[in-house]
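Here the structure is a predicted model, which means the values were calculated and not measured.
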Amino acid sequence: MNNTYYGHLVFELSKPGRTGYSLPENPWAGAWTLNEIPEPLRRTTPTDLPEVDEPTVARHYTNMSNNNFGVDTGFYPLGSCTMKYNPKVDEEVAALPGFTALHPEQGAKYAQGALALYYEVQKMLAELTGLSEFTLNPYAGAHGELTGLMVIRAYHLAKGDTARVKIIVPDSAHGTNPASAAVCGLQIVQVKSAADGTVDIEDLKPLLGPDIAGMMMTNPNTLGIFEHNIPEIARLVHECGGLMYYDGANFNPILGVCRPGDMGFDVMHINLHKTFATPHGGGGPGSGPVGVRKGLEPFLPNPHVVKGEDGTFSIETSPDALGRVSSHLGNYGIIIRAYAYLLTLGREYVSGVGKLSVLNANYIKACLKDYYALPIDGLCKHEFVFDGLREEYGGAHSSPLHVTTLDVAKRLLDFGFHAPTIYFPLLFHEAMMIEPTETESKDTLDRFIETMKTIAEEAKADPTLLKTAPHHTPIGRPDDVKAVKDAKFVF
């Protein structure tokens with residue numbers, strides 16, 4: 001990829017002998033054997049690095065960063081991922097020296113402020129979800145899933161019930177759900193979706209029995225639909241002896257509006273980095289707190305932050321806990337951001353998050369459903385799914401030169417928008433999942449809507465324009481098959 005200036009790669013700008021630094025000679029070289037790198041650890045060939053001056057290095061990395069796309073550079077409607085802009089004040093709070101300079105092994109006596117913050121976030125999440133207690137130790141959403149499932153297993157094993165080795169997972173679930181269950185040693189049983197996109201209760205009933213440990217549900221689900229049959233599903237699962245697990249990856253649209261604990265869920269995780277003010281994507285950072293209903297608190301992982309009667313905070317471990325799932329107390333920087341974010345919103349404004357994200361999603365859907373195929377109509381929550389273009393606009397089944405969801409996604413790049421999630425969920429062949437979040441203005445949404453309409457008209461008039469997109473990015477469209485087969489392939 002051409003990431004440097006003047007149209008050249010940094011390796012092409014290399015000149016033998018050119019350097020961007022000046023270091024003094026090592027005054028102790030050869031004086032003592034301990035100062036020399038052992039012979040077996042030394043390179044036998046020179047490093048294949050460009051020889052360039054400092055401005056060239058600076059421009060190389062600056063231009064590379066300019067080729068990246070993120071929520072600070074443009075609209076990022078990535079469905080299921082909640083790629084929302086986050087306030088910079090929360091970044092400033094997390095960067096305070098009192099937090100960043102605190103050593104993880106610092107004694108509790110000298111870290112009372114940090115432990116108080118941790119404890120307060122636990123209580124805030126419990127209040128927002130209707131659950132009894134939280135651990136903030138898991139490092140990511142999938143890590144939280146695994147931890148929550150381990151709580152469910154520990155609960156059954158503590159009762160001496162070793163037969164419950166199966167977990168029910170909807171066919172619309174996040175891919176991490178069955179993966180986490182498998183890592184936890186559970187067998188996955190799939191339940192189908194009904195025509196309206198929600199869990200099919202009639203398909204669920206025959207699956208229930210004495211071998212069911214629990215059921216995982218994402219709500220709103222990956223189609224952006226609220227699972228209105230949750231009370232009945234929870235009753236059926238509980239009657240067979242199983243527990244209900246809530247995948248909180250889509251917690252954003254119900255924040256401050258309704259609570260999983262009130263719906264009958266026993267265990268849940270929250271993607272703290274998606275919902276509470278941490279830039280999401282690029283592999284991290286993350287945090288996946290896990291909450292439980294009353295009676296399941298002893299099974300949460302060690303260590304715990306507790307508040308004594310005298311108002312001081314301490315770190316405790318319990319012999320009844322399922323063990324440790326992380327070192328220390330999780331990804332503390334993410335917890336600080338969440339605390340600042342929730343304090344900024346306050347109890348009176350936190351419900352606006354869910355309401356605005358739902359409003360934005362329904363606005364986009366209503367404006368585009370005459371151009372893109374909408375397999376399931378009706379009120380959505382934070383996201384919705386199109387099944388590619390409508391046939392009259394060159395959709396995937398309309399002609400030999402049909403325009404696919406991938407073509408639409410590539411063309412969006414030419415207009416300065418990141419593509420939505422494509423080809424997921426797997427329920428629809430040309431799935432295009434759009435989530436605008438609550439932080440985008442109507443002006444931004446209108447520009448995105450008009451761009452999507454323009455692309456639909458282009459697909460109808462000149463499909464080749466989309467088939468060869470993008471046209472205004474650092475590189476054009478790569479050969480996807482060759483890129484997969486050959487890791488060195490670029491263009």
Check K274, K84, H382 against N252 for a side-chain hydrogen bond (donor to acceptor under 3.5 Å, both in side chains) and give me the one that passes. K84

R164 side chain to I212 main-chain N or O, any donor-acceptor pair under 3.5 Å? yes

Given 3.5 Å as the limit, does a donor-acceptor pair link the side chain of N360 with the main chain of T437, or not? yes

Is it true that [X] and [Y] make a salt bridge, defined as a side-chain N closer than 4.0 Å to a carboxylate O?
X: K192; Y: D171; result: no
X: K365; Y: D377; result: yes
X: R235; Y: E239; result: yes
X: K410; Y: D407; result: no

My understanding is that only residues two or more places apart in sequence, or in another chain, count here; which of them pass side-chain contact (heavy atoms from CB on, under 4.5 Å) with A181? L149, I167, L186, I188

My understanding is that only residues two or more places apart in sequence, or in another chain, count here; which of them pass side-chain contact (heavy atoms from CB on, under 4.5 Å) with A126? F134

Can you sort out the partners of E120 under side chain to side chain donor-acceptor pair (under 3.5 Å), two or more places apart, ordered by chain and number? none

Which residues share a side chain to side chain donor-acceptor pair (under 3.5 Å) with Y371, sequence neighbours left out: none

Under 3.5 Å side-chain donor-acceptor pair for [X] and [Y]:
X: Y363; Y: D446; value: yes
X: Y139; Y: S327; value: yes
X: D196; Y: T198; value: yes
X: E145; Y: N177; value: yes
X: R447; Y: T444; value: yes

Considering the options V325, L146, V267, I270, which one meets the side chain to side chain contact (heavy atoms under 4.5 Å, CB included) requirement together with V290? V267

Contact list for residues 63-74, test salt bridge (charged side-chain N to carboxylate O under 4.0 Å, His left out), sequence neighbours left out: D72-K88

Applied to residues 129-141, the salt bridge (charged side-chain N to carboxylate O under 4.0 Å, His left out) test, sequence neighbours excluded, yields K123-E133

